[in-house]
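Encoded as structure tokens, the structure appears first; notes follow it.
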Amino acid sequence: MDLVLNAADRYVLTPHVYPGSWPEDGPLRQVLSLLLLTNLGATVLYLSLASFSYFFIFDHKLKEHPHFLQNQVRREIRYALTSLPVISLPTVALFFAEVRGYSQLYDSVDECPLGWLGIFISTVSFLLFTDMCIYWIHRFLHHKRVYKLFHKPHHIWKIPTPFASHAFHPVDGFLQGFPYHLYPFLFPLHKVLYLLLYLFVNIWTISIHDGDYRVPTALTSVINGAAHHTDHHLFFEYNYGQYFTLWDRLGGSYRHPSALMGEGPQKQLQK
């Protein structure tokens with residue numbers, strides 16, 4: 001996150017926002033800047049990516065499904081934009097720790113002992129690590145003592161649109177996002193790669209809510225796509241994974257997508 005902060009300081013904050021007497025490395029200034037950048041970035045990413053998916057990928061026939069709520073899109077957007085500022089508070093604390101040098105983020109490929117191979121390994125391990133963590137966090141959020149408090153609001157959307165991707169209770173949203181921020185404190189990671197992975201995570205989160213149930217046959221049993229995740233919204237106790245089906249299979253919670261068997265939301269529409 002310090003790459004974003006440094007760029008903002010150089011081109012916007014130092015010359016146009018803060019007085020010249022306020023040093024860029026001042027803790028209070030960094031926290032205020034991170035709050036601004038995190039909220040602005042999250043809102044722009046959410047609205048732009050979800051809007052693109054909604055208008056160009058999402059199957060609008062799904063809005064005729066009996067489980068699709070009245071004014072659902074507007075409600076999804078409102079809920080997300082209400083939750084994101086609250087989620088940003090603990091997130092900024094983690095970003096601040098990164099900026100102050102407490103993480104294992106590094107600037108150059110030369111700092112990685114394995115070079116470009118290390119970059120590849122970091123990418124794979126990031127995906128595997130976060131997928132594992134999110135599976136167990138997500139499954140914990142379905143525990144009967146926790147579900148109604150934090151996770152139930154996200155399951156209001158039984159036939160989600162891309163705008164439901166970030167429509168979480170703030171506690172739910174932060175917990176499911178925490179593994180992405182935890183990884184660079186545990187393992188070395190290139191700063192640019194971290195930003196790219198963060199962008200990928202947002203795109204993926206939207207994609208599994210986009211109503212496009214097409215999955216390459218060879219990947220159906222491996223990749224957790226929109227078809228798998230829609231069944232999670234419909235049947236609750238299946239397909240908790242983020243990218244892969246591995247932990248659902250190990251945890252006995254895998255369900256082959258009903259949409260791929262001709263028994264999904266489209267069949268209800270045909271009826």
- [ ] Taking the side chain as every heavy atom from C-beta outward, state whether R75 and W157 have any atom pair closer than 4.5 Å.
- [x] yes

- [ ] Would you kindly say whether T130 and Q242 are connected by a side-chain donor-acceptor distance under 3.5 Å?
- [x] no

Open item on the list: Is there a path of hydrophobic side-chain contacts, each under 4.5 Å between heavy atoms of I/L/V/M/F/W/Y residues, joining V109 to Y106?
Closed with: yes

TODO: Show the numbers, then the answer: is there a side-chain contact (heavy atoms from CB on, under 4.5 Å) between R29 and T14?
DONE: CA-CA 11 Å; R29 170 172 164 164; T14 294; 2.8 Å; yes

TODO: Using the six-membered ring wherever Trp is involved, compare the ring planes of H181 and F95 and label them parallel, tilted or perpendicular (cut-offs 30° and 60°).
DONE: perpendicular

Task: From T38 atom OG1 to L84 atom CG, the distance as rounded to the nearest 0.5 Å - done: 11.0 Å

- [ ] Could you tell me whether the side chain of F129 reaches within less than 4.5 Å of the side chain of L182, counting heavy atoms only?
- [x] yes

Open item on the list: Has S165 got a side-chain atom pairing as donor or acceptor with P162's backbone, closer than 3.5 angstrom?
Closed with: yes

Open item on the list: Are F58 and L45 connected into the same hydrophobic cluster when the rule is that any two of I, L, V, M, F, W, Y join if their side-chain heavy atoms are below 4.5 Å apart?
Closed with: no

TODO: Keeping the roles fixed (side chain from R139, backbone from G251), state whether a donor-acceptor pair exists under 3.5 Å.
DONE: yes

- [ ] Could you state whether L175 and F168 fall into the same hydrophobic cluster, counting links through intermediate Ile, Leu, Val, Met, Phe, Trp or Tyr residues with side-chain heavy atoms under 4.5 angstrom apart?
- [x] no

- [ ] Report the C-alpha separation of S103 and Y194 in whole Å, then their side-chain angles, then the decisive distance to 0.1 Å, and conclude whether the side-chain contact (heavy atoms from CB on, under 4.5 Å) test is met.
- [x] CA-CA 12 Å; S103 72; Y194 184 38; over 6 Å; no

- [ ] Determine yes or no for a side-chain-to-main-chain donor-acceptor pair under 3.5 angstrom, with H190 supplying the side chain and I119 the backbone.
- [x] no

Task: Donor-acceptor under 3.5 Å (H60 side chain, Y54 main chain) - done: yes

Open item on the list: Check whether D210 reaches the backbone of S53 with its side chain - one donor and one acceptor, N or O, closer than 3.5 Å.
Closed with: no

Open item on the list: As a quick check of understanding, evaluate side-chain contact (heavy atoms from CB on, under 4.5 Å) for Q104 and Y183, giving each step before the final call.
Closed with: CA-CA 9 Å; Q104 297 194 52; Y183 183 92; over 6 Å; no

- [ ] Identify whether V86 and Y46 are in the same connected component of the hydrophobic contact network (ILVMFWY, side-chain heavy atoms under 4.5 Å).
- [x] no

Open item on the list: Tell me whether the count of non-hydrogen atoms from other residues, nucleotides or ligands lying under 6.0 Å of CZ in F235 goes above 12.
Closed with: yes

- [ ] Taking all heavy atoms of G241 and all of N224, pick out the closest pair and write down the distance.
- [x] O-ND2, 2.9 Å

Task: From E24 atom CD to D9 atom CG, the distance as rounded to the nearest 0.5 Å - done: 4.0 Å

Open item on the list: Taking side-chain hydrogen bond (donor to acceptor under 3.5 Å, both in side chains) as the criterion, tell me which of E237, H232, K152 meets it with H142.
Closed with: H232

TODO: Kindly state whether the ring of H166 and the ring of Y79 have centres lying under 6.0 angstrom apart.
DONE: no

Task: Test item: Y254 side-chain N/O and L246 main-chain N/O as donor-acceptor pair under 3.5 Å - done: no

- [ ] If the plane angle is over 60° it's perpendicular, under 30° parallel, otherwise tilted; pick one for F52 and F56.
- [x] tilted

Open item on the list: As an exercise, state the distance from CE of M132 to CD1 of I137, rounded to the nearest 0.5 Å.
Closed with: 9.5 Å

- [ ] Any chance you could measure I206, atom CD1, to T161, atom OG1, to the nearest 0.5 Å?
- [x] 10.0 Å

TODO: Please examine the side chains of V73 and I77, heavy atoms only from C-beta on, and report whether any two atoms are closer than 4.5 Å.
DONE: yes

Open item on the list: Please check if the number of heavy atoms outside Y238 that lie under 6.0 Å from its OH is greater than 12.
Closed with: no

Task: Which atom of S122 lies closest to which atom of L193, heavy atoms considered - done: CB-CD2, 4.0 Å

Open item on the list: Can you tell me how the ring of W247 sits relative to the ring of W136, calling it parallel under 30°, perpendicular over 60° and tilted otherwise?
Closed with: perpendicular

Task: Check: H209 side chain, A226 main-chain N or O, donor-acceptor pair, under 3.5 Å - done: no

Task: Student check: side-chain heavy atoms of L5 and M1 closer than 4.5 Å - done: no

- [ ] Report whether L34 and L36 are members of the same hydrophobic cluster (ILVMFWY, side-chain heavy atoms less than 4.5 Å apart, transitive linking).
- [x] no

Open item on the list: Ignoring hydrogens, what is the shortest heavy-atom contact between F96 and P27? Give both atom names and the distance.
Closed with: CE1-O, 3.8 Å

TODO: Without swapping roles, check the side chain of N239 against the backbone of H228 for a donor-acceptor pair under 3.5 Å.
DONE: yes

- [ ] Assign the ring pair F200 / W204 to parallel, tilted or perpendicular, where the plane angle (0 to 90°) is split at 30° and 60°.
- [x] tilted

Open item on the list: For Q72 versus P160, what's the shortest heavy-atom pair and its separation?
Closed with: NE2-CA, 3.9 Å

- [ ] I would like to know whether Y240 and L141 meet side-chain contact (heavy atoms from CB on, under 4.5 Å); could you show each step before the answer?
- [x] CA-CA 10 Å; Y240 298 103; L141 287 165; over 6 Å; no

TODO: May I ask you to decide if R100's main-chain N or O and Q30's side chain share a donor-acceptor pair within less than 3.5 Å?
DONE: no

- [ ] Considering non-hydrogen atoms only, spot the tightest contact between L35 and S88 and give its length.
- [x] CD2-OG, 4.3 Å

TODO: Give a yes or no answer on whether the side chain of D131 reaches the backbone of Y243 with a donor-acceptor pair at less than 3.5 Å.
DONE: yes

Task: Flag side-chain contact, heavy atom, 4.5 Å: I159 against L234 - done: yes

Task: Value rounded to 0.5 Å, distance of CZ in R214 from OG1 in T220 - done: 13.0 Å

TODO: Determine whether more than 12 heavy atoms belonging to other residues, nucleotides or ligands lie under 6.0 Å from atom CZ of R249.
DONE: yes

Open item on the list: Does the plane of the ring in H154 sit parallel, tilted or perpendicular to the ring in H229? Use 30° and 60° as the thresholds.
Closed with: tilted

Task: Closest non-hydrogen atom pair, Y213 against L260 - done: O-CD2, 3.3 Å

Task: Separation of F178 CZ from I87 CD1 (nearest 0.5 Å) - done: 14.5 Å

TODO: Answer yes or no: are there more than 12 heavy-atom neighbours, outside F185 itself, under 6.0 Å from its atom CZ?
DONE: yes

- [ ] Let me know which of H138, H143, H169 forms a side-chain hydrogen bond (donor to acceptor under 3.5 Å, both in side chains) with H151.
- [x] H138

